[in-house]
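Each chain gets a letter, A, B and so on, in the order its sequence line appears, and its residues count up from 1. Both backbone and side-chain heavy atoms feed into the values below; hydrogens, waters and symmetry mates do not.
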There are 2 protein chains.
Amino acid sequence: MIRVLLADDEHLIRGAMAALLALEDDLTVTAQAATGAETLSMARALHPDVAVIDLQLPDLDGVAVAQRLHRDVPACRTMIVTSHGLPGHLRRALAAGVRGFLPKTAAAEILAGVIRTVAAGGRYVDPQLAAEAISAGESPLTVRETDVLILAASGAPIDEIARRASLSSGTVRNYLSAAAGKLGAANRHEAARLAREQGWI
Amino acid sequence: MIRVLLADDEHLIRGAMAALLALEDDLTVTAQAATGAETLSMARALHPDVAVIDLQLPDLDGVAVAQRLHRDVPACRTMIVTSHGLPGHLRRALAAGVRGFLPKTAAAEILAGVIRTVAAGGRYVDPQLAAEAISAGESPLTVRETDVLILAASGAPIDEIARRASLSSGTVRNYLSAAAGKLGAANRHEAARLAREQGWI
DNA sequence: GGTCACCGATGACATCTGTCATAAAGCCCC
DNA sequence: GGGGCTTTATGACAGATGTCATCGGTGACC
């Protein structure tokens, strides 16, 4: 029997997925968590075989949760389920040692199969998303360009970004100009949108 | 037996919700749709008692689907399920005659109950969201201000917004300035973010 | 040791954007 | 008919933003 931990902040979805998995004879949902912290403490206590983690959790990023889980409960395999199938997220997840990556648009019938694959030590990545991730490539932005673009994404004026990043406003403008240039955007706001669509920020 | 139509573009979620509803003796999921168009044609053919519609569908807005459904299949009650519980969305849905509004963060156990309530001609709105909707009030923006702000939300420069809205760039700047003022934003990008968070655009 | 990329900064310049005053047209309501 | 609001527009101005050249410092790589 494969013991599964379900982590999703959307209670309705979590319950529905539990109902779906309850139909399988060889799977049992031993715990459900709504936050990253809950996921970690439950996994430490119960040692599930597979943790199915939503990418968007209120406190921690799903990938960050997976990373800590690998450190604290090495026997527990992890897989990510997400609404927004962005290439950059897949890339980050795989780098963190996640073994399965499934957008919520995938067919309901394959979830159990993927859990079995992951539990057995295999890997599964949604084929369409994998293709996109390969064709999209990685972020062309440097670390600081990314930092500044994240701060710019809220729509704040340059001065506030500079204050929050502890940089001079001139430097911020240079970084944003560089980022917009690399992304082919007309201004920083369009750049932020494009980077978000790729999962780079 | 209450006959339910499920509309959600996320196949995994749709399937999981179907599994959840299959546990109820008095409910049966007679059809599943992934788009607004599919929802409408299936509802016309099958006349379900209740349509459970996700707010985000690839082609049409969930509320727009509900509106057309009321016209084409008046006996079919509608309810909306959504990831993002924004006050503005609830307001629009109720105005369109939707009888149930449930964020996906609601407990899985209540879904079946809400469907029964809606099927019986009752109404159900998530209590927390209802409180927010009341306290938030309606959008202070005029129709054109909203239009222009929607176009601005992509991060495009003023000239392109003007071109797409068939307005002079000066007029666009006036509208955006007015919108930013009403929303207390420092610039149009922050204004767009704030309006999005309220579900006004 | 030299080259290269990244980080951080400054200064100058042109352009974009936000703001305000003003105005004409249309509509609704009293 | 007048008052108020919306839509659309123009002109003017200050300040914000994007772009570019240039500089010094740091760490990696050959």
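- In this entry the distance linking CG of A/Leu141 with P of C/dC7 reads 10 Å, nearest Å.
- Atom CG in B/Asp159 sits roughly 13 Å away from atom P in C/dT15 (whole-Å rounding).
- Among the protein residues, B/Arg144 comes within range of the sugar-phosphate backbone only, with heavy atoms under 4.0 Å from sugar or phosphate atoms but none that close to a base.
- One interatomic measurement links the two molecules: CD1 of B/Ile161 to P of C/dG18, which rounds to 9 Å at whole-angstrom precision.
- Nearest-nucleotide positions on DNA chain C for B/Ala186 and A/Tyr175 put A/Tyr175 closer to the 5' end.
- Mapped onto DNA chain D by nearest heavy atom, B/Ser169 and B/Asn187 fall at different nucleotides, with B/Ser169 at the one closer to the 5' end.
- The interatomic distance linking B/His189 (NE2) with D/dG18 (C1') rounds to 12 Å, in whole Å.
- B/Leu167 comes within 4.0 angstrom of the backbone, heavy atoms only, and of no base.
- Between D/dC20 and A/Ser177, no contact under 4.0 Å exists linking OP1 or OP2 to a side-chain N or O.
- In terms of polar N and O atoms assigned as donor or acceptor, the side chain of B/Asn174 comes within less than 3.5 Å of the base of D/dT10 in a complementary pairing.
- Nearer to the 5' terminus of DNA chain D, by closest-nucleotide assignment, is the contact made by B/Thr142 (compared with the other of B/Thr142 and A/Ile158).
- With A/Asp61 as the fixed residue, the side chain to side chain donor-acceptor pair (under 3.5 Å) test singles out one of A/His89, A/Gln56, A/Arg92: A/Arg92.
- Listed for the A/Asp126 side chain is no donor-acceptor partner under 3.5 Å among the backbone atoms of A/Ala106.
- Closest non-hydrogen pair, A/Glu197 versus A/Pro87, comes out as O-CD, 4.5 Å.
- The only option from B/Arg188, B/His189, B/Glu190, B/Arg193 that meets the side chain to side chain donor-acceptor pair (under 3.5 Å) definition with A/His189 turns out to be B/His189.
- A/Leu176 places its CG atom 16 Å from the P atom of D/dA16, with the value rounded to the nearest Å.
- Contact annotation: A/Ser168 does not reach the phosphate of C/dG8 (side-chain N/O to OP1 or OP2, under 4.0 Å).
- In this structure, B/Glu145 atom CD and D/dT8 atom P are separated by 11 Å, rounded to whole Å.
- OP1 or OP2 of C/dA9 lies within a sub-4.0 Å distance of a side-chain N or O belonging to A/Thr171.
- Rounded to whole Å, the distance from CD on A/Glu190 to C1' on D/dG18 is 13 Å.
- Distance A/Arg173 CZ to C/dG8 P: 17 Å, rounded to the nearest Å.
- Just one residue in the list A/Arg14, A/Gln32, A/Lys104 forms a side chain to side chain donor-acceptor pair (under 3.5 Å) with A/Asp8, and that residue is A/Lys104.
- Side-chain proximity of A/Arg188 to the nucleotides D/dT7, C/dC6, D/dG18 is greatest for D/dG18.
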